[in-house]
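Letters A, B, ... are given to chains in the order of the sequence lines, protein chains preceding strands, and every chain is numbered from 1.
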Protein chains: 2
Amino acid sequence: MKRPGPHACDAWQMLVQISMSHRASLPPLASELALSPAQCHVLHVLEPGRAVPMGELAGALSCDASNVTGLVDRLETRGLIKRQPSAEDRRVKVLTLTPAGARVRAQLVARMTAPPMTLGRLSPEEQQLLVTLLRRVLE
Amino acid sequence: MKRPGPHACDAWQMLVQISMSHRASLPPLASELALSPAQCHVLHVLEPGRAVPMGELAGALSCDASNVTGLVDRLETRGLIKRQPSAEDRRVKVLTLTPAGARVRAQLVARMTAPPMTLGRLSPEEQQLLVTLLRRVLE
DNA sequence: TATTGTTATACTCTATAACTATA
DNA sequence: TATAGTTATAGAGTATAACAATA
């Protein structure tokens, strides 16, 4: 892979700016769904139909495994996710969304991805272009 | 202002994706500087040379004022920021970075905005274009 | 022996409610 | 009377270290 390139810093700096303001927008959004920001992050990682080992979740959240135990406890108590021992390796427990959890996650994603009005400053063609560029950055 | 537009959802969805993965990257980065993610957010808001009232910080973080008190307490104890009563309204306390705080913030911003290799997938011209588009979305 | 997840502990983050000082 | 910030309190988020079960 090539080096990031001359304008990569500028571009990334703005993406970081967006990320930080997105971080600030999460608490009120989470509050509407009676979730914490951390719980939102868990639900965002747990895509419907996917079974995620607890250790993998810890990796996705960049947090300690002991922390995941507590997060999962609370979400499981609320009936949004469930944990089951893995068939192959019985040390592992895999997480899946419950139907209720999938509904809450859908609401979460819908609100989280409601585009801000400022995107309207770009023409449809420019928006399409932005999508194309970001898609390549994300893979 | 116009409505967001047809491709705004796609674009914003990808920006959210970037934001969530950026959220996951913050804990290890913060840890290197012996900070918490919340403290990083405070330092990020406190640009060098700017005096920010505590209430304004609470707004920028979307959190309660009582929470800001604790965050500021700990950062002040570490000598990274200082709070002073405002001259105009003595109920208000304004926050500024100390020289040490400015240095830590500079390190933080430098590491936070180190562009990921994936930006190298775009040509310099495309990176420039991305910068232009994002700048207009950000204002 | 090494690894996955849990528990115990301690500290930080966070909101709510009551309070103080100022306007 | 209203507002900015603090304090007290309680619960959630988080890491470290010790532990249990499994590999």
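Between the CZ atom of A:R74 and the C1' atom of D:dG13 there is a distance of 7 Å, given to the nearest Å. One can place CG of B:N67 at 12 Å from C1' of D:dG13, the figure rounded to the nearest angstrom. Across the protein-nucleic acid pair, B:E56 atom CD and D:dA4 atom C1' stand 13 Å apart, rounded to whole Å. As a whole-Å value, the separation of B:E76 CD from D:dG5 P is 13 Å. Between the C1' atom of D:dG5 and the CG atom of B:L71 lies a distance of 14 Å, rounded to the nearest Å. Between the CD atom of B:E88 and the P atom of C:dT22 there is a distance of 16 Å, rounded to whole Å. When the P atom of D:dG11 is taken as reference, atom CD of A:Q39 falls 15 Å away, rounded to whole Å. Distance A:R23 CZ to C:dC13 P: 11 Å, rounded to the nearest Å.
The backbone N or O of A:V137 sits less than 3.5 Å from a side-chain atom of B:T118, completing a donor-acceptor pair. Counting only distance, with no hydrogens or angles, the side chain of A:S62 and the backbone of A:A58 share no donor-acceptor pair below 3.5 Å.
Side-chain contact check for A:V92 versus A:M54: every heavy-atom pair is 4.5 Å or farther apart.
A close approach under 4.0 Å does occur between a side-chain nitrogen or oxygen of A:K93 and OP1 or OP2 of C:dT6. In this structure, A:R91 does not reach the D:dC19 phosphate: none of its side-chain N or O atoms is under 4.0 Å from OP1 or OP2. Between A:R78 and D:dA12, a side-chain N or O to OP1/OP2 separation shorter than 4.0 Å is absent. Taking only side-chain nitrogens and oxygens, A:S36 comes nearer than 4.0 Å to OP1 or OP2 of D:dG13.
Across all strands, B:D89 comes closer than 4.0 Å only to sugar-phosphate atoms, never to a base (heavy-atom distances).
Taking 4.0 Å as the cut-off between side-chain N and carboxylate O, B:R105 and B:E47 do not count as a salt-bridged pair. Between A:E76 and A:K82 there is no salt bridge, since none of the side-chain N atoms of the basic residue sits less than 4.0 Å from a carboxylate O of the acidic one.
No hydrogens or angles were tested; on distance alone, a donor-acceptor pair under 3.5 Å links the side chain of A:S66 to the base of D:dT16.
Listed nucleotides D:dT6, D:dT14, C:dT6 differ in distance to B:M54; the shortest reach to its side chain belongs to D:dT6. Ranking D:dT6, C:dT6, C:dT16 by closeness to the A:A65 side chain, first place goes to C:dT6. Closest approach to the B:R90 side chain among C:dA23, D:dA15, D:dG5 is made by C:dA23 (side chain taken as heavy atoms from C-beta onward).
The residue among B:D64 and A:D64 whose nearest nucleotide of DNA chain D lies closer to the 5′ end is B:D64.
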